[in-house]
2 protein chains.
Amino acid sequence: MVAANTNRKSRARAEAAGRSHDPEGVRRDILAVATEEFADNGLSGARVDEIAARTQTSKRMIYYYFGDKEGLFVAVLEAAYGRIRAIESDLDLAGMEPAAALRTLTEFTFSYQNDNPDFVRLVMVENIHKGVHLARSEKIQAVNVSVLAVLRDIYQRGVATGAFKAGLDVIDIHMTISALAFFNVSNRATFSLIFKRDMASRAALARRRKAVADTVMGFVRPD
Amino acid sequence: MVAANTNRKSRARAEAAGRSHDPEGVRRDILAVATEEFADNGLSGARVDEIAARTQTSKRMIYYYFGDKEGLFVAVLEAAYGRIRAIESDLDLAGMEPAAALRTLTEFTFSYQNDNPDFVRLVMVENIHKGVHLARSEKIQAVNVSVLAVLRDIYQRGVATGAFKAGLDVIDIHMTISALAFFNVSNRATFSLIFKRDMASRAALARRRKAVADTVMGFVRPD
DNA sequence: CACGAATTTAACTGTTTCGTACAAAATAAT
DNA sequence: ATTATTTTGTACGAAACAGTTAAATTCGTG
(Lines give C-alpha, C1' and ligand atoms only; values in the text may rest on other atoms or scores of the structure.)
Protein backbone atom coordinates (compact mmCIF):
# COMPACT_ATOMS: atom_id res chain seq x y z
CA MET A 1 0.00 0.00 0.00
CA VAL A 2 3.03 2.28 -0.15
CA ALA A 3 3.02 4.52 -3.23
CA ALA A 4 5.45 3.11 -5.73
CA ASN A 5 8.16 5.47 -6.85
CA THR A 6 6.26 8.58 -5.99
CA ASN A 7 7.73 9.46 -2.63
CA ARG A 8 9.78 12.62 -2.55
CA LYS A 9 13.18 11.12 -1.82
CA SER A 10 13.39 8.58 -4.60
CA ARG A 11 11.92 11.00 -7.11
CA ALA A 12 14.37 13.71 -6.18
CA ARG A 13 17.24 11.28 -6.46
CA ALA A 14 16.04 10.02 -9.79
CA GLU A 15 15.91 13.54 -11.21
CA ALA A 16 19.17 14.74 -9.76
CA ALA A 17 21.26 11.77 -10.78
CA GLY A 18 19.54 11.32 -14.14
CA ARG A 19 18.52 7.84 -13.06
CA SER A 20 16.42 5.73 -15.33
CA HIS A 21 13.24 4.97 -13.39
CA ASP A 22 11.20 8.11 -12.83
CA PRO A 23 7.64 7.51 -13.98
CA GLU A 24 6.28 10.77 -12.61
CA GLY A 25 9.04 12.78 -14.21
CA VAL A 26 8.45 11.08 -17.54
CA ARG A 27 4.73 11.82 -17.31
CA ARG A 28 5.43 15.46 -16.50
CA ASP A 29 7.87 15.74 -19.38
CA ILE A 30 5.39 14.29 -21.85
CA LEU A 31 2.52 16.41 -20.52
CA ALA A 32 4.51 19.63 -20.74
CA VAL A 33 5.47 19.04 -24.34
CA ALA A 34 2.02 17.76 -25.30
CA THR A 35 0.38 20.83 -23.74
CA GLU A 36 2.34 23.11 -26.04
CA GLU A 37 1.82 20.92 -29.04
CA PHE A 38 -1.96 20.61 -28.60
CA ALA A 39 -2.30 24.30 -27.75
CA ASP A 40 -0.37 25.25 -30.87
CA ASN A 41 -1.87 22.83 -33.36
CA GLY A 42 -5.12 21.50 -31.98
CA LEU A 43 -5.97 17.88 -31.37
CA SER A 44 -5.88 16.75 -34.99
CA GLY A 45 -3.02 19.06 -35.88
CA ALA A 46 -0.71 17.86 -33.12
CA ARG A 47 1.63 15.02 -34.07
CA VAL A 48 2.45 12.21 -31.68
CA ASP A 49 5.84 11.77 -33.31
CA GLU A 50 6.60 15.46 -32.89
CA ILE A 51 5.62 15.36 -29.22
CA ALA A 52 7.79 12.30 -28.72
CA ALA A 53 10.74 13.94 -30.44
CA ARG A 54 10.57 16.95 -28.15
CA THR A 55 10.49 14.92 -24.94
CA GLN A 56 13.44 13.28 -23.23
CA THR A 57 11.70 9.96 -23.75
CA SER A 58 10.22 8.00 -26.61
CA LYS A 59 6.91 7.59 -28.39
CA ARG A 60 6.60 4.18 -26.84
CA MET A 61 6.29 5.79 -23.39
CA ILE A 62 3.46 8.04 -24.50
CA TYR A 63 1.41 5.00 -25.37
CA TYR A 64 2.59 3.21 -22.25
CA TYR A 65 1.28 5.96 -19.97
CA PHE A 66 -1.58 7.52 -21.90
CA GLY A 67 -2.92 4.78 -24.13
CA ASP A 68 -3.51 6.83 -27.23
CA LYS A 69 -3.51 10.37 -28.57
CA GLU A 70 -6.91 11.22 -27.10
CA GLY A 71 -5.93 9.80 -23.74
CA LEU A 72 -2.95 12.11 -23.78
CA PHE A 73 -5.18 15.04 -24.66
CA VAL A 74 -7.52 14.28 -21.77
CA ALA A 75 -4.54 14.16 -19.40
CA VAL A 76 -3.29 17.49 -20.76
CA LEU A 77 -6.70 19.07 -20.18
CA GLU A 78 -6.90 17.68 -16.66
CA ALA A 79 -3.47 19.05 -15.80
CA ALA A 80 -4.32 22.48 -17.21
CA TYR A 81 -7.60 22.74 -15.29
CA GLY A 82 -5.84 21.46 -12.19
CA ARG A 83 -3.28 24.27 -12.32
CA ILE A 84 -5.82 27.09 -12.54
CA ARG A 85 -7.83 25.66 -9.67
CA ALA A 86 -4.74 25.41 -7.49
CA ILE A 87 -3.92 29.06 -8.04
CA GLU A 88 -7.49 30.29 -7.71
CA SER A 89 -7.80 28.76 -4.28
CA ASP A 90 -4.78 30.79 -3.18
CA LEU A 91 -6.58 34.10 -3.59
CA ASP A 92 -7.90 35.47 -0.32
CA LEU A 93 -10.92 37.50 -1.24
CA ALA A 94 -13.18 36.65 1.68
CA GLY A 95 -11.50 39.31 3.81
CA MET A 96 -11.82 42.11 1.29
CA GLU A 97 -14.55 44.67 0.84
CA PRO A 98 -17.01 43.34 -1.81
CA ALA A 99 -16.27 45.89 -4.55
CA ALA A 100 -12.52 45.55 -4.14
CA ALA A 101 -12.82 41.77 -4.02
CA LEU A 102 -14.81 41.60 -7.24
CA ARG A 103 -12.41 43.90 -9.02
CA THR A 104 -9.46 41.86 -7.80
CA LEU A 105 -11.04 38.59 -8.87
CA THR A 106 -11.78 40.01 -12.31
CA GLU A 107 -8.29 41.39 -12.76
CA PHE A 108 -6.76 38.16 -11.53
CA THR A 109 -8.80 36.13 -14.00
CA PHE A 110 -7.85 38.48 -16.81
CA SER A 111 -4.18 38.31 -15.95
CA TYR A 112 -4.16 34.57 -15.50
CA GLN A 113 -5.70 33.93 -18.91
CA ASN A 114 -3.35 36.38 -20.57
CA ASP A 115 -0.32 34.90 -18.84
CA ASN A 116 -1.39 31.39 -19.78
CA PRO A 117 -2.43 31.42 -23.43
CA ASP A 118 -1.88 27.67 -23.64
CA PHE A 119 -4.70 27.11 -21.17
CA VAL A 120 -7.03 29.33 -23.19
CA ARG A 121 -6.07 27.64 -26.43
CA LEU A 122 -6.62 24.17 -24.99
CA VAL A 123 -10.10 25.21 -23.94
CA MET A 124 -10.72 26.54 -27.46
CA VAL A 125 -9.58 23.23 -28.92
CA GLU A 126 -11.77 21.28 -26.54
CA ASN A 127 -14.75 23.44 -27.47
CA ILE A 128 -14.16 22.78 -31.15
CA HIS A 129 -14.56 19.15 -30.18
CA LYS A 130 -17.80 19.90 -28.32
CA GLY A 131 -16.35 19.09 -24.93
CA VAL A 132 -16.30 15.34 -25.42
CA HIS A 133 -12.97 14.86 -23.66
CA LEU A 134 -13.92 17.01 -20.71
CA ALA A 135 -17.14 15.03 -20.43
CA ARG A 136 -15.15 11.82 -20.33
CA SER A 137 -12.94 12.99 -17.46
CA GLU A 138 -14.25 12.54 -13.94
CA LYS A 139 -11.46 14.58 -12.41
CA ILE A 140 -12.36 17.85 -14.05
CA GLN A 141 -16.07 17.95 -13.43
CA ALA A 142 -15.83 18.89 -9.77
CA VAL A 143 -13.01 21.36 -10.27
CA ASN A 144 -14.38 24.70 -11.28
CA VAL A 145 -17.34 25.00 -9.01
CA SER A 146 -15.05 26.42 -6.33
CA VAL A 147 -14.82 29.75 -8.16
CA LEU A 148 -18.55 30.05 -7.93
CA ALA A 149 -18.50 29.71 -4.15
CA VAL A 150 -15.97 32.52 -3.85
CA LEU A 151 -17.95 34.74 -6.19
CA ARG A 152 -21.22 33.96 -4.46
CA ASP A 153 -19.76 35.05 -1.14
CA ILE A 154 -18.51 38.32 -2.60
CA TYR A 155 -21.78 39.04 -4.34
CA GLN A 156 -23.98 38.33 -1.35
CA ARG A 157 -21.88 40.54 0.88
CA GLY A 158 -22.03 43.27 -1.76
CA VAL A 159 -25.79 43.08 -1.97
CA ALA A 160 -26.02 43.24 1.82
CA THR A 161 -23.95 46.43 2.02
CA GLY A 162 -25.80 47.94 -0.92
CA ALA A 163 -22.65 48.04 -3.03
CA PHE A 164 -24.17 45.69 -5.63
CA LYS A 165 -27.51 45.52 -7.33
CA ALA A 166 -29.70 42.68 -6.05
CA GLY A 167 -31.28 39.94 -8.13
CA LEU A 168 -28.31 39.04 -10.32
CA ASP A 169 -27.28 35.53 -11.21
CA VAL A 170 -23.81 34.61 -9.96
CA ILE A 171 -23.18 32.41 -12.98
CA ASP A 172 -24.02 35.37 -15.19
CA ILE A 173 -21.38 37.43 -13.44
CA HIS A 174 -18.85 34.65 -13.75
CA MET A 175 -19.66 34.21 -17.42
CA THR A 176 -19.11 37.90 -18.02
CA ILE A 177 -15.75 37.85 -16.30
CA SER A 178 -14.69 34.72 -18.16
CA ALA A 179 -15.85 35.95 -21.53
CA LEU A 180 -14.03 39.27 -21.28
CA ALA A 181 -10.83 37.68 -20.01
CA PHE A 182 -10.93 34.77 -22.43
CA PHE A 183 -11.65 36.75 -25.58
CA ASN A 184 -8.54 38.84 -25.18
CA VAL A 185 -6.46 35.74 -25.71
CA SER A 186 -8.69 33.52 -27.81
CA ASN A 187 -9.49 36.11 -30.48
CA ARG A 188 -6.33 38.12 -30.33
CA ALA A 189 -5.08 37.06 -33.75
CA THR A 190 -8.16 37.91 -35.81
CA PHE A 191 -9.27 40.89 -33.77
CA SER A 192 -5.94 42.65 -33.70
CA LEU A 193 -5.50 41.96 -37.40
CA ILE A 194 -8.84 43.45 -38.40
CA PHE A 195 -8.83 46.39 -36.04
CA LYS A 196 -5.08 47.05 -36.09
CA ARG A 197 -5.01 47.00 -32.34
CA ASP A 198 -2.17 45.70 -30.25
CA MET A 199 -3.62 43.39 -27.62
CA ALA A 200 -0.52 41.75 -26.20
CA SER A 201 1.77 44.56 -25.05
CA ARG A 202 2.09 45.35 -21.40
CA ALA A 203 0.41 48.72 -21.83
CA ALA A 204 -2.46 47.35 -23.91
CA LEU A 205 -3.09 44.61 -21.36
CA ALA A 206 -3.14 47.04 -18.46
CA ARG A 207 -5.56 49.31 -20.30
CA ARG A 208 -7.85 46.46 -21.27
CA ARG A 209 -7.71 44.86 -17.84
CA LYS A 210 -9.03 48.08 -16.37
CA ALA A 211 -11.76 48.35 -19.00
CA VAL A 212 -12.80 44.76 -18.29
CA ALA A 213 -12.91 45.35 -14.56
CA ASP A 214 -14.91 48.54 -15.12
CA THR A 215 -17.35 46.60 -17.25
CA VAL A 216 -17.90 44.00 -14.57
CA MET A 217 -18.29 46.64 -11.89
CA GLY A 218 -20.78 48.45 -14.12
CA PHE A 219 -22.84 45.28 -14.41
CA VAL A 220 -23.27 44.86 -10.65
CA ARG A 221 -23.58 48.56 -9.85
CA PRO A 222 -26.97 49.54 -8.40
CA ASP A 223 -29.20 51.81 -10.49
CA MET B 1 -16.00 40.88 -71.90
CA VAL B 2 -19.23 39.02 -71.22
CA ALA B 3 -18.98 36.91 -68.10
CA ALA B 4 -18.79 33.29 -69.06
CA ASN B 5 -21.46 31.13 -67.54
CA THR B 6 -22.18 33.46 -64.67
CA ASN B 7 -25.18 35.39 -66.00
CA ARG B 8 -28.45 34.69 -64.31
CA LYS B 9 -30.19 32.91 -67.14
CA SER B 10 -27.62 30.29 -67.95
CA ARG B 11 -26.92 29.59 -64.29
CA ALA B 12 -30.57 29.14 -63.51
CA ARG B 13 -30.91 26.86 -66.48
CA ALA B 14 -27.86 24.88 -65.46
CA GLU B 15 -29.23 24.30 -61.98
CA ALA B 16 -32.75 23.55 -62.98
CA ALA B 17 -31.90 21.13 -65.74
CA GLY B 18 -29.00 19.53 -63.89
CA ARG B 19 -26.67 20.58 -66.69
CA SER B 20 -23.02 19.79 -66.37
CA HIS B 21 -21.23 23.14 -66.54
CA ASP B 22 -22.06 25.36 -63.59
CA PRO B 23 -18.87 26.74 -62.05
CA GLU B 24 -20.54 29.11 -59.63
CA GLY B 25 -22.96 26.47 -58.42
CA VAL B 26 -20.12 24.05 -57.91
CA ARG B 27 -18.15 26.61 -55.94
CA ARG B 28 -21.15 27.38 -53.74
CA ASP B 29 -21.79 23.70 -53.17
CA ILE B 30 -18.19 23.07 -52.15
CA LEU B 31 -18.06 26.16 -49.92
CA ALA B 32 -21.26 25.26 -48.10
CA VAL B 33 -20.07 21.77 -47.29
CA ALA B 34 -16.53 22.90 -46.45
CA THR B 35 -17.89 25.56 -44.08
CA GLU B 36 -19.62 22.90 -42.01
CA GLU B 37 -16.72 20.53 -42.17
CA PHE B 38 -14.12 23.09 -41.09
CA ALA B 39 -16.41 24.48 -38.41
CA ASP B 40 -17.02 21.00 -37.03
CA ASN B 41 -13.52 19.58 -37.19
CA GLY B 42 -11.05 22.41 -37.54
CA LEU B 43 -8.56 22.89 -40.34
CA SER B 44 -6.46 19.81 -39.63
CA GLY B 45 -9.43 17.74 -38.54
CA ALA B 46 -11.46 18.38 -41.68
CA ARG B 47 -10.99 15.83 -44.45
CA VAL B 48 -10.90 16.80 -48.09
CA ASP B 49 -12.29 13.42 -49.04
CA GLU B 50 -15.17 13.86 -46.62
CA ILE B 51 -15.95 17.31 -48.00
CA ALA B 52 -15.83 15.94 -51.53
CA ALA B 53 -18.11 13.05 -50.64
CA ARG B 54 -20.73 15.41 -49.27
CA THR B 55 -20.79 17.65 -52.33
CA GLN B 56 -22.51 16.94 -55.61
CA THR B 57 -19.12 17.11 -57.26
CA SER B 58 -15.72 15.47 -56.89
CA LYS B 59 -12.51 16.04 -54.99
CA ARG B 60 -10.75 17.09 -58.14
CA MET B 61 -13.03 20.13 -58.42
CA ILE B 62 -12.02 21.31 -54.98
CA TYR B 63 -8.43 21.45 -56.15
CA TYR B 64 -9.46 22.92 -59.46
CA TYR B 65 -11.22 25.87 -57.85
CA PHE B 66 -9.38 26.34 -54.58
CA GLY B 67 -5.88 25.04 -55.18
CA ASP B 68 -5.39 23.20 -51.94
CA LYS B 69 -6.97 22.61 -48.55
CA GLU B 70 -5.75 25.91 -47.14
CA GLY B 71 -6.97 27.78 -50.19
CA LEU B 72 -10.38 26.29 -49.56
CA PHE B 73 -10.23 27.33 -45.94
CA VAL B 74 -9.38 30.92 -46.90
CA ALA B 75 -12.33 30.98 -49.29
CA VAL B 76 -14.60 29.63 -46.56
CA LEU B 77 -13.43 32.35 -44.17
CA GLU B 78 -13.93 35.05 -46.79
CA ALA B 79 -17.45 33.88 -47.50
CA ALA B 80 -18.32 33.76 -43.80
CA TYR B 81 -17.02 37.26 -43.13
CA GLY B 82 -18.76 38.48 -46.26
CA ARG B 83 -22.12 37.27 -45.02
CA ILE B 84 -21.94 39.02 -41.67
CA ARG B 85 -20.90 42.29 -43.26
CA ALA B 86 -23.78 42.12 -45.70
CA ILE B 87 -26.28 41.74 -42.88
CA GLU B 88 -24.66 44.29 -40.60
CA SER B 89 -24.98 47.01 -43.20
CA ASP B 90 -28.73 46.39 -43.30
CA LEU B 91 -29.23 47.61 -39.76
CA ASP B 92 -30.45 51.18 -39.59
CA LEU B 93 -29.16 52.54 -36.32
CA ALA B 94 -28.27 56.06 -37.39
CA GLY B 95 -31.87 57.14 -36.94
CA MET B 96 -32.27 55.74 -33.44
CA GLU B 97 -31.69 57.34 -30.10
CA PRO B 98 -28.11 56.50 -28.95
CA ALA B 99 -28.99 54.26 -26.00
CA ALA B 100 -31.58 52.33 -27.98
CA ALA B 101 -29.18 52.06 -30.92
CA LEU B 102 -26.37 50.63 -28.79
CA ARG B 103 -28.67 48.13 -27.16
CA THR B 104 -30.03 47.07 -30.53
CA LEU B 105 -26.56 46.70 -32.00
CA THR B 106 -25.47 44.58 -29.03
CA GLU B 107 -28.52 42.37 -29.16
CA PHE B 108 -28.19 41.97 -32.90
CA THR B 109 -24.56 40.93 -32.57
CA PHE B 110 -25.44 38.47 -29.83
CA SER B 111 -28.26 36.96 -31.85
CA TYR B 112 -26.25 36.77 -35.03
CA GLN B 113 -23.40 34.87 -33.40
CA ASN B 114 -25.79 32.51 -31.67
CA ASP B 115 -27.73 31.91 -34.85
CA ASN B 116 -24.53 31.28 -36.78
CA PRO B 117 -22.32 29.01 -34.69
CA ASP B 118 -20.41 27.96 -37.79
CA PHE B 119 -19.13 31.51 -38.18
CA VAL B 120 -18.00 31.61 -34.57
CA ARG B 121 -16.33 28.24 -34.84
CA LEU B 122 -14.49 29.20 -38.01
CA VAL B 123 -13.12 32.25 -36.24
CA MET B 124 -12.03 30.01 -33.36
CA VAL B 125 -10.26 27.72 -35.77
CA GLU B 126 -8.57 30.62 -37.50
CA ASN B 127 -7.39 31.94 -34.15
CA ILE B 128 -5.91 28.57 -33.27
CA HIS B 129 -3.88 29.08 -36.42
CA LYS B 130 -2.84 32.59 -35.33
CA GLY B 131 -4.78 34.32 -38.08
CA VAL B 132 -2.40 33.38 -40.86
CA HIS B 133 -5.16 32.72 -43.38
CA LEU B 134 -6.98 35.93 -42.62
CA ALA B 135 -3.70 37.78 -42.99
CA ARG B 136 -3.22 36.24 -46.42
CA SER B 137 -6.64 37.37 -47.65
CA GLU B 138 -6.95 40.88 -49.03
CA LYS B 139 -10.72 40.69 -49.26
CA ILE B 140 -11.36 40.40 -45.56
CA GLN B 141 -9.13 43.11 -44.23
CA ALA B 142 -11.36 45.99 -45.25
CA VAL B 143 -14.57 44.29 -44.25
CA ASN B 144 -15.12 44.75 -40.58
CA VAL B 145 -14.14 48.34 -40.15
CA SER B 146 -17.66 49.33 -41.17
CA VAL B 147 -19.02 48.20 -37.81
CA LEU B 148 -16.72 50.65 -36.13
CA ALA B 149 -18.09 53.58 -38.12
CA VAL B 150 -21.63 52.71 -37.06
CA LEU B 151 -20.59 52.33 -33.44
CA ARG B 152 -18.57 55.54 -33.48
CA ASP B 153 -21.60 57.47 -34.71
CA ILE B 154 -23.79 56.05 -31.97
CA TYR B 155 -21.22 56.69 -29.29
CA GLN B 156 -20.50 60.27 -30.29
CA ARG B 157 -24.19 61.11 -30.39
CA GLY B 158 -24.61 59.51 -26.97
CA VAL B 159 -21.80 61.55 -25.48
CA ALA B 160 -23.28 64.70 -26.98
CA THR B 161 -26.68 64.08 -25.38
CA GLY B 162 -25.08 63.07 -22.09
CA ALA B 163 -26.45 59.53 -22.37
CA PHE B 164 -22.94 58.04 -22.45
CA LYS B 165 -19.82 58.64 -20.44
CA ALA B 166 -17.15 60.55 -22.38
CA GLY B 167 -13.59 59.42 -22.99
CA LEU B 168 -14.22 55.81 -23.92
CA ASP B 169 -12.51 53.99 -26.74
CA VAL B 170 -14.89 52.80 -29.44
CA ILE B 171 -12.79 49.70 -30.10
CA ASP B 172 -13.04 48.85 -26.41
CA ILE B 173 -16.81 48.99 -26.63
CA HIS B 174 -16.81 46.86 -29.73
CA MET B 175 -14.47 44.36 -28.12
CA THR B 176 -16.77 44.08 -25.14
CA ILE B 177 -19.79 43.45 -27.33
CA SER B 178 -17.91 40.91 -29.42
CA ALA B 179 -16.45 39.08 -26.44
CA LEU B 180 -19.76 38.67 -24.68
CA ALA B 181 -21.58 37.58 -27.81
CA PHE B 182 -18.80 35.28 -29.00
CA PHE B 183 -18.17 33.48 -25.73
CA ASN B 184 -21.73 32.25 -25.52
CA VAL B 185 -21.12 30.16 -28.61
CA SER B 186 -17.40 29.50 -28.51
CA ASN B 187 -17.27 28.20 -24.94
CA ARG B 188 -20.72 26.74 -24.72
CA ALA B 189 -19.54 23.12 -24.55
CA THR B 190 -17.07 23.42 -21.69
CA PHE B 191 -18.89 26.13 -19.78
CA SER B 192 -22.28 24.47 -19.78
CA LEU B 193 -20.66 21.16 -18.86
CA ILE B 194 -18.81 22.56 -15.86
CA PHE B 195 -21.53 24.86 -14.57
CA LYS B 196 -24.50 22.69 -15.57
CA ARG B 197 -26.05 25.64 -17.32
CA ASP B 198 -28.11 25.42 -20.44
CA MET B 199 -26.84 28.05 -22.86
CA ALA B 200 -28.61 27.13 -26.06
CA SER B 201 -32.32 27.08 -25.29
CA ARG B 202 -34.51 29.93 -26.42
CA ALA B 203 -35.16 31.04 -22.84
CA ALA B 204 -31.49 30.90 -21.84
CA LEU B 205 -30.50 32.90 -24.89
CA ALA B 206 -33.09 35.59 -24.24
CA ARG B 207 -31.98 35.87 -20.63
CA ARG B 208 -28.32 36.06 -21.50
CA ARG B 209 -28.88 38.49 -24.36
CA LYS B 210 -30.47 40.90 -21.94
CA ALA B 211 -27.64 40.45 -19.43
CA VAL B 212 -25.10 41.11 -22.17
CA ALA B 213 -26.90 44.23 -23.33
CA ASP B 214 -27.17 45.43 -19.72
CA THR B 215 -23.45 44.89 -19.31
CA VAL B 216 -22.63 46.98 -22.35
CA MET B 217 -25.01 49.73 -21.29
CA GLY B 218 -23.44 49.68 -17.84
CA PHE B 219 -20.03 50.22 -19.38
CA VAL B 220 -21.02 53.39 -21.22
CA ARG B 221 -23.32 54.73 -18.53
CA PRO B 222 -22.13 58.04 -16.99
CA ASP B 223 -21.09 58.03 -13.34
C1' DC C 1 -19.96 24.55 -86.58
C1' DA C 2 -15.12 24.64 -85.63
C1' DC C 3 -11.85 25.40 -82.22
C1' DG C 4 -9.66 26.74 -78.19
C1' DA C 5 -10.75 27.46 -73.35
C1' DA C 6 -13.08 26.14 -69.33
C1' DT C 7 -15.07 22.50 -66.73
C1' DT C 8 -15.75 17.77 -65.23
C1' DT C 9 -14.84 12.63 -64.47
C1' DA C 10 -12.34 8.86 -62.70
C1' DA C 11 -8.49 6.34 -61.26
C1' DC C 12 -3.93 6.82 -59.25
C1' DT C 13 0.39 8.20 -56.28
C1' DG C 14 3.20 8.84 -52.61
C1' DT C 15 3.54 10.36 -48.05
C1' DT C 16 2.16 11.01 -43.37
C1' DT C 17 0.67 9.24 -39.21
C1' DC C 18 -1.25 6.55 -35.49
C1' DG C 19 -0.43 2.70 -33.22
C1' DT C 20 1.93 -1.94 -32.45
C1' DA C 21 5.20 -5.84 -32.38
C1' DC C 22 9.22 -7.59 -30.95
C1' DA C 23 13.03 -8.19 -28.14
C1' DA C 24 15.36 -7.10 -24.22
C1' DA C 25 17.19 -4.74 -20.11
C1' DA C 26 17.39 -1.90 -15.99
C1' DT C 27 15.33 -0.94 -11.72
C1' DA C 28 12.18 -1.23 -7.85
C1' DA C 29 9.04 -3.71 -4.55
C1' DT C 30 8.17 -7.65 -1.54
C1' DA D 1 15.47 -13.87 -4.86
C1' DT D 2 11.68 -13.26 -7.41
C1' DT D 3 8.16 -10.70 -9.38
C1' DA D 4 6.31 -6.40 -11.23
C1' DT D 5 7.15 -2.04 -13.17
C1' DT D 6 9.52 1.04 -16.10
C1' DT D 7 12.48 2.01 -20.05
C1' DT D 8 15.00 1.58 -24.60
C1' DG D 9 14.95 1.12 -29.56
C1' DT D 10 13.83 -0.02 -33.87
C1' DA D 11 11.16 -1.36 -37.33
C1' DC D 12 6.90 -1.95 -39.40
C1' DG D 13 1.85 -2.41 -40.79
C1' DA D 14 -2.15 -0.49 -42.38
C1' DA D 15 -5.04 3.06 -43.01
C1' DA D 16 -5.80 7.74 -43.81
C1' DC D 17 -4.78 11.61 -46.48
C1' DA D 18 -3.53 15.49 -49.51
C1' DG D 19 -2.73 16.16 -53.90
C1' DT D 20 -2.00 14.61 -59.21
C1' DT D 21 -2.24 12.68 -64.01
C1' DA D 22 -4.64 12.43 -67.97
C1' DA D 23 -8.31 12.28 -70.74
C1' DA D 24 -13.14 13.51 -71.84
C1' DT D 25 -16.94 16.65 -72.07
C1' DT D 26 -19.13 20.98 -72.60
C1' DC D 27 -19.19 25.77 -73.67
C1' DG D 28 -18.36 30.51 -75.60
C1' DT D 29 -17.18 32.67 -79.69
C1' DG D 30 -15.96 33.87 -84.31
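Here the structure is a predicted model, which is why all the values come from computation and not from measurement. Labels below follow one simple rule: chain letters A, B, ... track the order of the sequence lines, proteins then strands, and each chain is numbered from 1. No hydrogens, no waters, no symmetry mates; every other heavy atom, side chains included, goes into these values.
Minimum interatomic distance between L168(B) and Y155(B) (heavy atoms only, all atoms of both residues): N-OH, 2.8 Å. Here the shortest heavy-atom pairing between S178(B) and Q113(B) reads O-NE2, 4.2 Å. V123(A) approaches N187(B) most closely through the heavy-atom pair CG1-ND2, 3.8 Å.
Atom CD in E37(A) sits roughly 11 Å away from atom P in dT17(C) (whole-Å rounding). Protein atom CD1 of I30(A) is 12 Å distant from nucleotide atom P of dT6(D), rounded to whole Å. We find that CD of E24(A) is positioned 17 Å from C1' of dT7(D), with the value rounded to whole Å. Rounded to a whole Å, the CD atom of E50(A) is 11 Å from the P atom of dC18(C). Counting to the nearest Å, the C1' atom of dG19(D) and the CZ atom of F66(B) are 16 Å from each other. The interatomic distance linking N41(B) (CG) with dA16(D) (P) rounds to 15 Å, in whole Å. Atom CD1 in I62(A) sits about 10 Å away from atom P in dC18(C), given to the nearest Å. Rounded to an integer number of Å, the gap from Y63(A) OH to dT20(C) C1' is 9 Å.
At dT6(D), one or more side-chain N or O atoms of Y64(A) fall inside 4.0 Å of OP1 or OP2 (strictly under the cut-off). OP1 or OP2 of dT8(C) has not a single side-chain nitrogen or oxygen of T57(B) nearer than 4.0 Å. Between R60(B) and dG19(D), a side-chain N or O to OP1/OP2 separation shorter than 4.0 Å is absent.
The residue S58(B) sits close to a base: some heavy atom pair falls under 4.0 Å. Within the 4.0 angstrom heavy-atom criterion, no nucleotide atom of any strand lies near A52(A).
Closest to the side chain of R47(B), out of dT9(C), dT17(C), dC17(D), is dC17(D). In the set dT8(C), dT7(D), dC18(C), dT8(C) carries the atom at the smallest distance from any side-chain atom of M61(B).
Where K59(A) and Y65(A) meet DNA chain D, the nucleotide closest to each residue was compared, and Y65(A) sits on the side nearer the 5' end.
T109(B) and R209(B) form no side-chain donor-acceptor contact under 3.5 Å, judged by distance and modelled atom types alone.
Between F219(B) and F219(A), the gap from one ring centroid to the other reaches at least 6.0 Å.
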